[in-house]
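Notes to accompany the following structure.
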Number of protein chains: 2
Amino acid sequence: MERTIVDYQEGSVQEKLQKILGDVEEDGGTCPIRNILVRFSDKWSTLSIFHLGDAGTLRFNELKKRVDGISQRMLTVTLRNLERDGIVTRRVYPEIPPRVEYQLTDLGRSLLVQIIELGDWASNHSNQIIEARSRFDAREGRVIDSVSLN
Amino acid sequence: MERTIVDYQEGSVQEKLQKILGDVEEDGGTCPIRNILVRFSDKWSTLSIFHLGDAGTLRFNELKKRVDGISQRMLTVTLRNLERDGIVTRRVYPEIPPRVEYQLTDLGRSLLVQIIELGDWASNHSNQIIEARSRFDAREGRVIDSVSLN
DNA sequence: CTGTATCCCTGATGATACTG
DNA sequence: CAGTATCATCAGGGATACAG
């Protein structure tokens, strides 16, 4: 029913995997790919990028309202890191009270496309995953949370 | 030079984003999409999936050798979680010494395709990101690491 | 070989209060 | 409004030793 890796897409997927594996394992800590994956792994970055991609331009507090549950501090940290990586721009208007507008850069929009695909995958497969978890937990007779086993 | 979101792919990207945003913000904590994104955000899961996708089938220690720097404990935890989510299968051979083989499920392979795309994006844009970081750090006159600002 | 069980420590993050 | 600064917490994850 599911297709294999090879014929699922344009056929270059295997090559991409090889390339990634080569890069990824070359230096155990400072590898840029790991670095980048680690960054966009975190939930606040992902959600911020989603909302900025959706809205186009947002002020600090507008974004804060949309990203449900984020604290002021974490939004600041997240936006700084995204700005540093060239994913978002930060524009400050010298007014009182201050106005700061954020939006995705071209680089950010190209990243957005990728994480939308990932989010779409998650959305489309969440049922399968939830069912798998239920079966597993039933077999084990206990719950294993994210990093328990302690 | 960069294309916009709209024409970059089949045109449904906007719709996907809407759908994701709807799902993602509906319940601030237990949302399955958040759950899933959070899981595949972590570096060990991603790397394990890469290597299993590359090799097909791997024993515990074979995988451990390939995933540079992972501890025994974290490999166990990672594999349990992936198994629980239906991403990998775990087959135990009743031999002495024990042999345990892991491989991706169909679900896992379909996920692999997505994270390969993300990894490929990271690989292709790592230079831009590294340069952006340099410029930012030069402007700021100091380094901001992942979550400092303390 | 393939795990489990402990101990421990650091970094990520929320809460709160303060500032330009 | 848009942050910074500080404090406190706690889960992620390494090291190590033990087990089937």
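Lettering follows sequence order; numbering is per chain, from 1.
In this structure, B/Arg99 places its CZ atom 9 Å from P of C/dT2, rounding to the nearest Å. Spacing between atom CD1 of B/Ile70 and atom C1' of C/dG3 amounts to 14 Å, rounded to whole angstrom units. The nearest whole Å value for the distance from the CZ atom in A/Arg80 to the C1' atom in D/dA2 is 9 Å. Here the C1' atom of nucleotide D/dG3 and the CD atom of A/Glu95 are 16 Å apart, to the nearest Å. Protein atom CG of A/Leu79 is 16 Å distant from nucleotide atom C1' of C/dT13, rounded to whole Å. The nearest whole Å value for the distance from the CE atom in A/Met74 to the C1' atom in C/dA15 is 13 Å. Rounded to whole Å, the distance from NZ on A/Lys43 to C1' on C/dG14 is 11 Å. Taking atom CH2 on A/Trp44 and atom C1' on C/dG11, their separation rounds to 18 Å, with Å as the unit.
In this structure, the side chains of A/Phe50 and B/Leu21 come closer than 4.5 Å at one or more pairs of heavy atoms. Residues A/His51 and A/Val67 form a side-chain contact, since some pair of their non-hydrogen atoms from C-beta on lies under 4.5 Å apart. Using a 4.5 Å heavy-atom threshold, the side chains of A/Phe60 and A/Gln72 count as touching.
The side chain of B/Ser71 sits closest to D/dG14 out of D/dG14, D/dC1, D/dT4. Relative to the side chain of A/Arg73, the nucleotides D/dT6, D/dT4, D/dG13 differ in distance, and D/dT6 lies closest. In this structure, of C/dG3, D/dC1, D/dG14, it is D/dC1 that holds the atom nearest to the side chain of A/Pro98. Of the listed nucleotides (D/dG3, D/dG14, C/dC1), C/dC1 has the atom at the smallest distance from the side chain of B/Arg59.
Nucleic acid contact class of B/Tyr102 (heavy atoms, under 4.0 Å, all strands): sugar-phosphate only. When heavy atoms are screened at a 4.0 angstrom cut-off, B/Gln72 is found touching base atoms of the nucleic acid.
Summarising the geometry of B/Leu111 relative to B/Ile87, their closest heavy-atom pair is CD2-CD1, 4.1 Å, with the distance given to 0.1 Å. Between B/Ile20 and A/Asp120, the shortest heavy-atom distance links the atoms CD1-N, 3.5 Å.
Between B/Arg90 and C/dT2 there is no side-chain polar atom (N or O) within less than 4.0 angstrom of OP1 or OP2.
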